[in-house]
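Notes follow once the structure below has been shown.
Reckoned from all heavy atoms, side chains included, excluding hydrogens, waters and symmetry mates. Each ligand, and each atom within it, is numbered from 1 in the order the structure gives.
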Amino acid sequence: MTLSQPGSWPIARAKQALRDEMTRRRQAFAASATRAMVEDSLRRRMVRGLRAMVGAGDCISLVWPLPGEIDLRPVMQALHADGLCVALPETTPKGHPLTFRLWQPECVIQTGRYGTCHPEGPPVRPDVVCVPLLAFDRRGMRLGYGGGYYDRTLAALRGARAVGFGLSFQEVTCIPTGRYDVALPAIVTEREWIRCRGDGRTR
Ligand SMILES: Nc1nc2c(c(=O)[nH]1)N(C=O)[C@@H](CNc1ccc(C(=O)N[C@@H](CCC(=O)O)C(=O)O)cc1)CN2
Ligand SMILES: Nc1ncnc2c1ncn2[C@@H]1O[C@H](COP(=O)(O)OP(=O)(O)OP(=O)(O)O)[C@@H](O)[C@H]1O
């Protein structure tokens, strides 16, 4: 590889090494006896925290689970029952921000890029974006699958509030970051609602 290939840059390599480590941690968690209880704690904390931060009619984006990820469908159901608008991302071609579509119970779900799923509903603009992560740190920095989708999306959706969600085994001391990585103002785990400064430092 040469320096003209982003995959050879030190940060990209450090991120890939961390993705590999997180895959190992996730496999161990998947086989653990506490998995169901831990995931349920995260779902309940997400519903409580999201209810507290939105106003009537606000739109919240979640995600349809990829294999191995937590299933947020009970969170989608609970927020929809509250009268809130729930949206899911449609994975766009690489290099573009995500777009969001309205989700409703019983709506048709389509399979899109990289095996991600999105509803057939109309496009919407979320007020609160729940951001999936493979790893995070207390500054609010996160690591994802490497598409840069949420970094581009948060940069494009000025004014939307972002909340990362993950499990405490995904916490690391310091995520390797590049110039486009966007710090999250808050991250919710099964144990706590972490308030980060949103500028890459802890409060
Ligand atoms: N459930 C869920 N939905 C989500 C995300 C997520 O993390 N979880 N995303 C979070 O951003 C976006 C999708 N991002 C993704 C980015 C890359 C790959 C992926 O499988 N990439 C291949 C490499 C593909 C290539 O470069 O050609 C791979 O890693 O093997 C999957 C999802 C939007 N929807
Ligand atoms: N706003 C942006 N503008 C231009 N390039 C960007 C932007 N955001 C991210 N990128 C680029 O996208 C590539 C992937 O980014 P990164 O490795 O941070 O993805 P990720 O945050 O792990 O993935 P995701 O957000 O999809 O879960 C990197 O080369 C990064 O520089």
Pick one of side chain, backbone, both or neither for how R113 approaches ligand 1, counting any non-hydrogen atom pair under 4.0 Å. neither
Heavy-atom nearest neighbour in the protein, as seen from atom 11 (O) of ligand 1, with distance rounded to 0.1 Å: Y150 CD1, 3.4 Å
Does E69, backbone or side chain, put an N or O under 3.5 Å from an N or O of ligand 1? yes
Is there any N or O on G146 that sits under 3.5 Å from an N or O of ligand 2? yes
Shortest heavy-atom approach to atom 5 (C) of ligand 1 - which of G112, G68, P132: P132
T91 neighbourhood, listing ligand 1 atoms whose heavy-atom distance to it stays under 4.0 Å: 13 (C), 33 (C), 34 (N)
For R43 and D71, work out which heavy atoms get closest and say how close. NH1-O, 3.0 Å
Heavy atom of protein closer than 4.0 angstrom to atom 30 (O) of ligand 1: no
Report the part of R19 (side chain from C-beta onward, or backbone N, CA, C, O) that has a heavy atom under 4.0 Å from ligand 2; answer both or neither where that applies. side chain
Ignoring hydrogens and angles, tell me if any N or O in the side chain of Q110 forms a donor-acceptor pair with the backbone of C117 under 3.5 Å. no
Output the list of atoms in ligand 2 that are nearer than 4.0 Å to some heavy atom of Y145, sorted by atom number. 22 (O), 23 (O), 27 (O)
Please confirm whether the backbone N or O of G121 pairs with a side-chain atom of R101, one donor and one acceptor, at under 3.5 Å? yes
So is R73 actually on top of W64's ring, under 6.0 Å and inside 45° of the axis? yes
Looking only at heavy atoms, what is the nearest atom pair of P65 and I70, with distance? CB-O, 3.6 Å
Is the backbone of G147 close enough, under 3.5 Å, to the side chain of R152 for a donor and an acceptor to pair up by distance? yes
Checking the side chain of S61 only, and the main-chain atoms of A87 only, is there a donor and an acceptor separated by less than 3.5 Å? no
Residue, atom name and distance, where the atom is the protein heavy atom closest to atom 27 (O) of ligand 1: Y114 CE2, 4.2 Å
Any N or O on K94 sitting closer than 3.5 Å to an N or O of ligand 1? yes
Counting distance only, does the side-chain N/O of D151 pair as donor-acceptor with the main-chain N or O of G148 below 3.5 Å? no
With heavy-atom distances below 4.0 Å as the criterion, list the atoms of ligand 1 near L98. 33 (C)
Of all protein heavy atoms, the one nearest atom 7 (O) of ligand 1 is Y145 CE1, 3.1 Å
Can you check whether a protein heavy atom sits less than 4.0 angstrom from atom 23 (C) of ligand 1? no
Numbered atoms of ligand 2 (with element) below 4.0 Å of Y150, judged on heavy atoms: 25 (O)
Distance only, no hydrogens: is a donor on one side chain within 3.5 Å (strictly under) of an acceptor on the other, for T189 and E171? no
Side chain or backbone of L133 under 4.0 Å from ligand 2, or both, or neither, by non-hydrogen atoms? neither
Between R45 (side chain) and E190 (backbone), is there a donor-acceptor pair under 3.5 Å? yes
Donor-acceptor under 3.5 Å (D137 side chain, V172 main chain): no
With a cut-off of 4.0 Å, which atoms of ligand 2 are near a heavy atom of D181? 18 (O)
Walk me through it: do Y149 and T91 pass the test side-chain contact (heavy atoms from CB on, under 4.5 Å)? CA-CA 8 Å; Y149 280 108; T91 306; 3.6 Å; yes
Quick check: G144 and ligand 2, any N/O pair under 3.5 Å apart? yes
Ligand-residue contact atoms, ligand 1 with Y149, heavy atoms, under 4.0 Å: 11 (O), 14 (N), 16 (C)
Establish, from distance only, whether the side-chain atoms of R19 and Q16 form a donor-acceptor pair under 3.5 Å. yes
Where does R179 meet ligand 2, judged by heavy-atom distances below 4.0 Å: at the side chain, the backbone, both, or neither? neither
Does V63 approach ligand 1 within less than 4.0 angstrom via side chain, backbone, both or neither, non-hydrogen atoms only? side chain
Is any N or O atom of W64, backbone or side chain, closer than 3.5 Å to an N or O atom of ligand 1? yes
